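In what follows, a single structure is set out as structure tokens and then discussed.
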Amino acid sequence: MAPSTRPGGPASFAPIEVELRDGRRVRLREIRPDDRDEVLQAFGRLSSESRYMRFMSSMRELPPRVLERTVNPRDERELGLVAEVAAADGIDIVAGARYYIEADGETCEFAVTVADGWRRGGLASRLMRELIEAARARGLRQMEGFVLADNAGMIDLARRLGFTVSSDPDDRTVAIARLALVR
């Protein structure tokens with residue numbers, strides 16, 4: 001796996017080349033501030049359904065505040081990964097995943113987004129496995145995610161990765177996926 005530890009600092013992620021189940025290849029790496037335009041393009045390529053499943057609301061544009069937070073993760077509290085492929089203009093980002101460390105310092109919340117044409121090839125699974133390993137390397141104890149209850153694909157993926165999935169007691173339209181990171 002790709003997580004490594006910076007001397008005296010949090011876990012980092014060494015870029016890796018990955019072949020997906022369908023034979024396509026992507027490069028997984030940490031997100032950078034100079035990915036701003038590529039993230040906007042990637043968001044623009046998402047279907048309205050994909051945007052709704054990821055953000056739990058209808059969004060036509062990525063709010064500037066969300067964009068800035070996406071491309072500028074705080075080292076001490078977050079890890080953001082992207083999957084990129086070669087494109088005519090340089091690269092295209094075809095997926096992203098991240099975790100945010102909660103206030104307790106032991107739990108992180110995950111999110112993952114895969115472009116519509118890149119689903120069902122194992123990309124979300126690979127990104128999630130990399131996030132899980134990076135969170136473990138950082139010493140976190142639990143990972144959780146809030147998923148729309150009708151997002152069967154994400155719920156199935158979470159279960160295959162060992163997460164328990166339960167209904168949010170405050171909102172039946174949301175499921176909570178939890179994974180103990182301590183082995």
Side-chain angles (χ1 to χ4, degrees), residues 1-16 18 26-33 35 39 42-43 50-51 53-57 59 62-63 65-84 93-114 122-149 151 153-171 173-183:
M1 294 288 171
S4 61
T5 303
R6 294 180 187 139
S12 63
F13 187 86
I16 55 173
V18 174
V26 297
R27 181 173 185 254
L28 306 183
R29 63 167 174 82
E30 284 190 66
I31 197 161
R32 304 181 302 246
D35 287 327
V39 168
F43 181 85
S50 293
R51 291 177 189 174
M53 290 294 182
R54 168 57 184 89
F55 296 101
M56 296 185 189
S57 68
M59 236 187 240
L62 192 61
R65 179 184 57 77
V66 173
L67 175 62
E68 287 309 310
R69 180 143 184 217
T70 298
V71 299
N72 293 294
R74 295 173 297 162
D75 261 356
E76 71 280 1
R77 306 290 302 171
E78 305 174 41
L79 175 65
L81 303 177
V82 294
E84 69 178 21
I93 291 176
V94 297
R98 62 189 313 108
Y99 69 67
Y100 308 90
I101 300 174
E102 304 276 340
D104 69 4
E106 295 183 345
T107 304
C108 63
E109 181 179 335
F110 75 85
V112 62
T113 307
V114 177
L123 185 51
S125 176
R126 182 59 185 258
L127 282 166
M128 286 298 298
R129 286 194 314 270
E130 296 296 343
L131 274 187
I132 290 165
E133 288 307 310
R136 282 185 173 132
R138 203 170 202 160
L140 299 174
R141 300 183 63 78
Q142 181 169 288
M143 181 175 279
E144 64 184 16
F146 298 87
V147 181
L148 286 172
N151 188 344
M154 188 62 222
I155 289 171
D156 181 54
L157 172 60
R159 285 187 172 127
R160 282 182 301 172
L161 292 172
F163 285 76
T164 59
V165 179
S166 59
S167 294
D168 183 332
D170 299 322
D171 184 350
T173 67
V174 175
I176 304 171
R178 288 191 175 98
L179 177 69
L181 297 172
V182 179
R183 291 184 177 158

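The model shown is predicted, which means the values in this text are computed figures rather than measured ones. Values below: every heavy atom of this structure, side chains too, minus hydrogens, waters and symmetry copies.
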How close do [X] and [Y] get, counting heavy atoms only, and between which atoms?
{"X": "I93", "Y": "A95", "result": "CG2-O, 3.4 Å"}
{"X": "L179", "Y": "G162", "result": "CD1-O, 3.4 Å"}
{"X": "V82", "Y": "E30", "result": "CG2-O, 4.5 Å"}
{"X": "L123", "Y": "A83", "result": "CD1-CB, 3.8 Å"}
{"X": "G105", "Y": "L140", "result": "O-CD2, 3.5 Å"}
{"X": "C108", "Y": "A135", "result": "SG-CB, 4.0 Å"}

Rounded to the nearest 0.5 Å, what's the gap from [atom1] on [X] to [atom2] on [Y]? Could you check?
{"X": "N151", "Y": "T173", "atom1": "CG", "atom2": "OG1", "value": "12.0 Å"}
{"X": "L157", "Y": "S125", "atom1": "CG", "atom2": "OG", "value": "5.5 Å"}
{"X": "Q142", "Y": "L181", "atom1": "CD", "atom2": "CG", "value": "7.5 Å"}

Subject >> Test side chain to side chain contact (heavy atoms under 4.5 Å, CB included) applied to I16 and R126, step by step >> reply: CA-CA 11 Å; I16 55 173; R126 182 59 185 258; 3.4 Å; yes
Subject >> salt_bridge(R136, E133) N-O dist < 4.0 Å >> reply: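 Counted as a salt bridge, because a side-chain N and a carboxylate O are separated by less than 4.0 Å.
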Answer yes or no: is there a donor N or O on one side and an acceptor on the other, between the side chain of [X] and the main chain of [Y], under 3.5 Å?
{"X": "R178", "Y": "E144", "value": "no"}
{"X": "R159", "Y": "M154", "value": "no"}
{"X": "R98", "Y": "T70", "value": "yes"}
{"X": "E102", "Y": "T107", "value": "no"}

Original post:
Only one of Y100, F146, F163 forms a side chain to side chain contact (heavy atoms under 4.5 Å, CB included) with F110, so which one is it?
Top reply: F163
Subject >> R74, E78, R77 screened by side chain to side chain contact (heavy atoms under 4.5 Å, CB included) with I101, the one that passes >> reply: R77
Subject >> side chain to side chain contact (heavy atoms under 4.5 Å, CB included) between V39 and I31, intermediate numbers included >> reply: CA-CA 9 Å; V39 168; I31 197 161; 3.9 Å; yes
Original post:
Which residues pass the salt bridge (charged side-chain N to carboxylate O under 4.0 Å, His left out) test with D171, sequence neighbours left out?
Top reply: none
**OP:** In sequence, state the C-alpha distance, the side-chain angles, and the governing distance for R29 and D35, and then conclude on side chain to side chain contact (heavy atoms under 4.5 Å, CB included).
**Re:** CA-CA 11 Å; R29 63 167 174 82; D35 287 327; 2.7 Å; yes
**OP:** Check the surroundings of atom CZ in R160: do more than 12 heavy atoms from other residues, nucleotides or ligands lie under 6.0 Å from it?
**Re:**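 Count over threshold, so yes.
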**OP:** Check the pair L28, F13 against side chain to side chain contact (heavy atoms under 4.5 Å, CB included), reporting the backbone distance first and the verdict last.
**Re:** CA-CA 9 Å; L28 306 183; F13 187 86; 4.0 Å; yes
